[in-house]
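Within every chain, numbering begins at 1; the chains are lettered A, B, ... in the order of the sequence lines, protein sequences first and strands thereafter.
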Amino acid sequence: MPKAAAKSRSGKAEKTRRQKKDPNAPKRGLSAYMFFANEQRDNVREENPGVSFGQVGKILGERWKALSDKQRAPYEAKAAADKKRYEDEKQAYNQAQADAEEEESS
DNA sequence: ACGCTGATTGTTCAT
DNA sequence: ATGAACAATCAGCGT
């Protein structure tokens with residue numbers, strides 16, 4: 001194991017509370033679950049017809065972990081690729097900031 | 001140097 | 001259009 005996350009993810013079951021305060025918020029990349037859900041969404045719904053989002057959502061999460069590490073690998077790979085995408089915006093964001101600063105200095 | 005928190009991402013479903 | 005469980009993330013900031 002590389003390392004252990006000794007914290008319960010900020011422990012906040014709030015909700016999609018976002019709304020950044022940055023000018024061009026470099027929204028991070030998607031996560032492995034996003035890609036996994038993209039592929040499994042139809043599969044899960046296929047095996048669980050009639051299940052409302054409540055069930056599908058939970059089942060989806062259960063199956064997600066049900067996969068083997070190498071099974072999630074492709075999704076993680078996408079997540080990594082997506083993160084790269086985010087890197088680009090984050091970089092542009094940093095640069096834009098520096099640029100704005102320069103302008104501000106002007 | 002170290003760790004935490006917050007912000008974000010997409011699905012489905014209903015309203 | 002948005003919210004909510006489901007999971008990952010991980011980059012920036014503060015101490």
Residue mapping more 5' on DNA chain C - nearest nucleotide basis, A/Phe53 or A/Leu30: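 Per heavy-atom nearest nucleotide, the more 5' residue is A/Phe53.
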
I'd like to know if the side chain of A/Glu89 and the backbone of A/Lys27 have a donor-acceptor N/O pair within less than 3.5 Å.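 Yes.
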
A/Arg41 (side chain) donor-acceptor with A/Asn38 (main chain) under 3.5 angstrom: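 Yes; judged by distance alone, with no hydrogens or angles, the pair exists.
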
Kindly point out which of [options] is positioned nearest to the side chain of [X]?
{"X": "A/Arg72", "options": "C/dA8, B/dT8, B/dG10", "result": "C/dA8"}
{"X": "A/Arg45", "options": "C/dA8, B/dT12, B/dT11", "result": "B/dT12"}
{"X": "A/Lys27", "options": "B/dT11, C/dA7, B/dT9", "result": "B/dT9"}
{"X": "A/Tyr33", "options": "B/dT8, C/dA8, C/dC6", "result": "C/dC6"}
{"X": "A/Lys90", "options": "C/dC6, B/dT8, C/dG12", "result": "C/dG12"}
{"X": "A/Lys58", "options": "C/dC6, B/dT9, B/dT12", "result": "C/dC6"}

Can you check whether A/Lys83 has a side-chain N or O nearer than 4.0 Å to OP1 or OP2 of C/dA11?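 Answer is yes, contact under 4.0 Å.
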
If only side-chain N and O atoms of A/Arg41 are considered, is one of them under 4.0 Å from the OP1 or OP2 phosphate oxygen of C/dC6?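 For C/dC6, OP1/OP2 do not have a side-chain N/O of A/Arg41 under 4.0 Å.
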
Which part of the nucleic acid, if any, lies within reach of A/Tyr75 when heavy atoms closer than 4.0 Å are counted: base, sugar-phosphate only, or nothing?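 Here A/Tyr75 touches no strand at all.
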
Between [N] ([atom2]) and [X] ([atom1]): distance, integer Å:
{"X": "A/Ile59", "N": "C/dA7", "atom1": "CD1", "atom2": "C1'", "value": "15 Å"}
{"X": "A/Arg85", "N": "B/dT9", "atom1": "CZ", "atom2": "C1'", "value": "15 Å"}
{"X": "A/Gln91", "N": "C/dC10", "atom1": "CD", "atom2": "P", "value": "16 Å"}
{"X": "A/Tyr86", "N": "C/dC10", "atom1": "OH", "atom2": "C1'", "value": "8 Å"}
{"X": "A/Glu87", "N": "C/dC10", "atom1": "CD", "atom2": "P", "value": "10 Å"}
{"X": "A/Trp64", "N": "B/dT9", "atom1": "CH2", "atom2": "C1'", "value": "13 Å"}
{"X": "A/Glu89", "N": "B/dT9", "atom1": "CD", "atom2": "C1'", "value": "11 Å"}
{"X": "A/Phe36", "N": "C/dA5", "atom1": "CZ", "atom2": "P", "value": "19 Å"}

Considering all heavy atoms of both residues, which atom of A/Ala32 and which atom of A/Trp64 are nearest to each other, and what is their separation?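 A/Ala32 and A/Trp64 have their closest heavy atoms at CB-CH2, 3.6 Å.
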
What is the minimum heavy-atom distance between A/Arg63 and A/Phe36, and which atoms define it?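 Distance-wise, the nearest heavy atoms are C-CZ, 4.0 Å.
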
Do NZ/NE/NH1/NH2 and the carboxylate oxygens of A/Lys83 and A/Glu87 come within less than 4.0 Å?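 Between A/Glu87 and A/Lys83 there is a salt bridge, with a charged N closer than 4.0 Å to a carboxylate O.
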
Of A/Gly54 and A/Asp82, whose nearest nucleotide on DNA chain B comes first from the 5' end?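 First, find each residue's nearest nucleotide; the 5'-ward one identifies A/Asp82.
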
